[in-house]
S.K.: 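Supplied in structure tokens, the structure appears directly below.
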Amino acid sequence: MCETKPLSIDLIEVLGSVQPRATLNEDAVADYAEHYSNGECPLPPCRVFHDGNGRYILSRGFHRHTAAVRAKRASLECEIHNGDERSAILDAMADNGEHGVRRTAADKRKAVNRLLDDAKWSQLTQPKIAELANVSLFLVQSLIRERKTKSPPRILKKES
């Protein structure tokens with residue numbers, strides 16, 4: 001169950017660990033900022049996870065949040081869900097599969113690598129990683145192969 005209400009921009013935490021994008025689309029941010037500045041019909045609410053300790057962690061709406069900050073808005077309409085940073089990370093990965101600013105190849109790679117870099121999530125099956133990252137199984141397998149072919153850094157020995 002979640003509620004939707006305006007949240008002060010200052011309360012919304014934007015964490016790099018949650019951000020699913022390699023980079024934000026500046027055209028989309030500019031378009032949304034203009035939308036907010038003109039007082040047009042509101043954009044869909046962002047999504048945050050409330051951890052029960054006063055933290056509201058942004059999981060969906062990074063372009064809208066950035067636009068709202070640029071438009072100097074005091075608050076932003078948000079869906080508030082219960083959960084922690086890890087919940088927000090998984091939710092962020094599922095965003096923009098069907099609508100909004102489409103994910104780039106770099107965004108998809110970032111999502112898979114985020115899961116593969118995590119001690120717990122990396123133990124999941126490849127199909128489950130693909131499902132959570134909202135990507136193809138082929139991409140997950142390709143990135144795992146890529147990781148295996150990278151040679152570890154060589155350590156140079158000091159000469160005595």
Side-chain angles (χ1 to χ4, degrees), residues 2-36 42-71 73 75-147 150:
C2 76
E3 75 174 302
T4 301
K5 70 177 188 178
L7 271 183
S8 168
I9 292 282
D10 297 337
L11 289 178
I12 302 169
E13 290 190 44
V14 180
L15 304 177
S17 61
V18 178
Q19 167 59 273
R21 304 271 184 185
T23 60
L24 288 180
N25 179 312
E26 284 300 321
D27 290 337
V29 172
D31 183 44
Y32 295 168
E34 183 178 338
H35 184 90
Y36 285 135
L43 293 168
C46 294
R47 185 176 293 173
V48 298
F49 279 78
H50 184 244
D51 71 353
N53 294 314
R55 295 178 71 198
Y56 293 92
I57 303 164
L58 185 66
S59 68
R60 296 188 183 200
F62 288 86
H63 287 93
R64 286 169 278 161
H65 180 273
T66 301
V69 169
R70 287 187 188 170
R73 289 182 55 112
S75 64
L76 196 55
E77 193 75 14
C78 293
E79 285 180 7
I80 303 169
H81 293 260
N82 292 323
D84 58 8
E85 184 175 336
R86 290 177 73 79
S87 301
I89 290 167
L90 291 177
D91 185 65
M93 287 185 193
D95 198 20
N96 297 119
E98 302 298 323
H99 58 80
V101 178
R102 299 295 260 198
R103 296 185 313 159
T104 65
D107 296 338
K108 292 174 185 180
R109 291 175 64 88
K110 181 179 178 183
V112 173
N113 282 320
R114 175 67 178 91
L115 293 170
L116 294 175
D117 289 342
D118 184 88
K120 184 176 177 183
W121 289 328
S122 64
Q123 300 305 308
L124 298 171
T125 65
Q126 292 176 9
K128 186 65 177 176
I129 290 171
E131 176 190 331
L132 291 173
N134 197 17
V135 300
S136 69
L137 178 58
F138 177 78
L139 178 60
V140 173
Q141 292 169 337
S142 296
L143 291 176
I144 289 171
R145 273 194 308 277
E146 213 175 86
R147 286 167 167 254
K150 287 183 180 178

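These values consider heavy atoms only, across backbone and side chains, with no hydrogens, waters or symmetry-generated copies. By convention here, the first residue in the shown sequence is residue 1.
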S.K.: Would a 4.5 Å heavy-atom cut-off, applied to side chains only, mark V18 and F49 as touching?
M.R.: no
S.K.: Let me confirm one number: the CG-CG distance from D51 to N82, rounded to the nearest 0.5 Å.
M.R.: 9.5 Å
S.K.: Would you call C78 and C46 a side-chain contact if the rule is heavy atoms closer than 4.5 Å?
M.R.: yes
S.K.: To check you understand the geometry: which heavy-atom pair defines the closest contact between P127 and L137, and what is its length?
M.R.: N-CD1, 3.7 Å
S.K.: Apply the test side-chain hydrogen bond (donor to acceptor under 3.5 Å, both in side chains) to residues E77 and T4: give CA-CA distance (whole Å), side-chain angles for both, the deciding distance (0.1 Å), then the verdict.
M.R.: CA-CA 7 Å; E77 193 75 14; T4 301; 5.4 Å; no
S.K.: Could you grab the distance from atom CD1 of I12 to atom CZ of F62, nearest 0.5 Å is fine?
M.R.: 10.5 Å
S.K.: Measuring only between side-chain heavy atoms, which start at C-beta, is L58 closer than 4.5 Å to L15?
M.R.: no
S.K.: Return the CG to CD1 distance between L116 and I144, rounded to the nearest 0.5 Å.
M.R.: 5.0 Å
S.K.: Is there side-chain contact between K5 and E79, with at least one heavy-atom pair below 4.5 Å?
M.R.: no
S.K.: side-chain contact (heavy atoms from CB on, under 4.5 Å) for L124 and L132? Distances and angles first, verdict last.
M.R.: CA-CA 10 Å; L124 298 171; L132 291 173; 3.5 Å; yes
S.K.: So, the side chain of D31 versus the backbone of A28: is there a donor-acceptor pair under 3.5 Å, distance only?
M.R.: no
S.K.: Donor-acceptor check, side chain of R64 to backbone of P44, threshold 3.5 angstrom: yes or no?
M.R.: yes
S.K.: Counting distance only, does the side-chain N/O of R103 pair as donor-acceptor with the main-chain N or O of N134 below 3.5 Å?
M.R.: yes
S.K.: So that I can tick it off, tell me whether D118 and R86 are bridged by a salt bridge, with the cut-off set at under 4.0 angstrom between side-chain N and carboxylate O.
M.R.: yes
S.K.: Heavy-atom distance under 4.5 Å between the side chains of Q19 and L24, does that happen here?
M.R.: yes
S.K.: Suppose we screen for salt bridge (Lys or Arg N to Asp or Glu O under 4.0 Å). Which residues come up paired with E13, at least two apart in sequence or across chains?
M.R.: R55
S.K.: Any heavy-atom pair between the side chains of R21 and K110 that's under 4.5 Å?
M.R.: no
S.K.: Less than 4.5 Å apart, side chain to side chain, heavy atoms only: is that true for L76 and L7?
M.R.: no
S.K.: Testing the basics here: between A111 and A133, what is the closest heavy-atom pair and its distance to 0.1 Å?
M.R.: CB-CB, 4.0 Å
S.K.: Could you pull out the closest heavy-atom pair between A71 and A33, with the gap in Å?
M.R.: CB-O, 3.7 Å
S.K.: Using the rule given for side-chain contact (heavy atoms from CB on, under 4.5 Å), can you reason through Y56 versus I80, listing the C-alpha separation, both sets of side-chain angles and the distance that settles it, and then say yes or no?
M.R.: CA-CA 8 Å; Y56 293 92; I80 303 169; 4.0 Å; yes
S.K.: Got a second to check how far K108's NZ is from L139's CG, nearest 0.5 Å?
M.R.: 8.0 Å
S.K.: For R70, is there an ion pair with E26 - N to carboxylate O distance below 4.0 angstrom?
M.R.: yes
S.K.: Please determine whether a side-chain nitrogen of the Lys or Arg among R109 and E146 lies less than 4.0 Å from a carboxylate oxygen of the Asp or Glu.
M.R.: yes
S.K.: Let me confirm one number: the CG-CD1 distance from D84 to I89, rounded to the nearest 0.5 Å.
M.R.: 8.5 Å
S.K.: Side chains of W121 and K128: does their closest heavy-atom pair fall under 4.5 Å?
M.R.: no
S.K.: Determine whether H81 and V48 satisfy the following criterion, side-chain contact (heavy atoms from CB on, under 4.5 Å), listing intermediate values before the conclusion.
M.R.: CA-CA 6 Å; H81 293 260; V48 298; over 6 Å; no
S.K.: Before you tell me yes or no, could you show the steps for V135 and M93 under side-chain contact (heavy atoms from CB on, under 4.5 Å), namely the whole-Å CA-CA distance, both residues' side-chain angles and the distance that decides it to 0.1 Å?
M.R.: CA-CA 9 Å; V135 300; M93 287 185 193; over 6 Å; no
S.K.: To the nearest 0.5 Å, how far apart are CZ in R147 and OG in S122?
M.R.: 8.5 Å
S.K.: Could you tell me which non-hydrogen atom of A88 sits nearest to which non-hydrogen atom of S59, and how far apart they are?
M.R.: O-CB, 3.4 Å
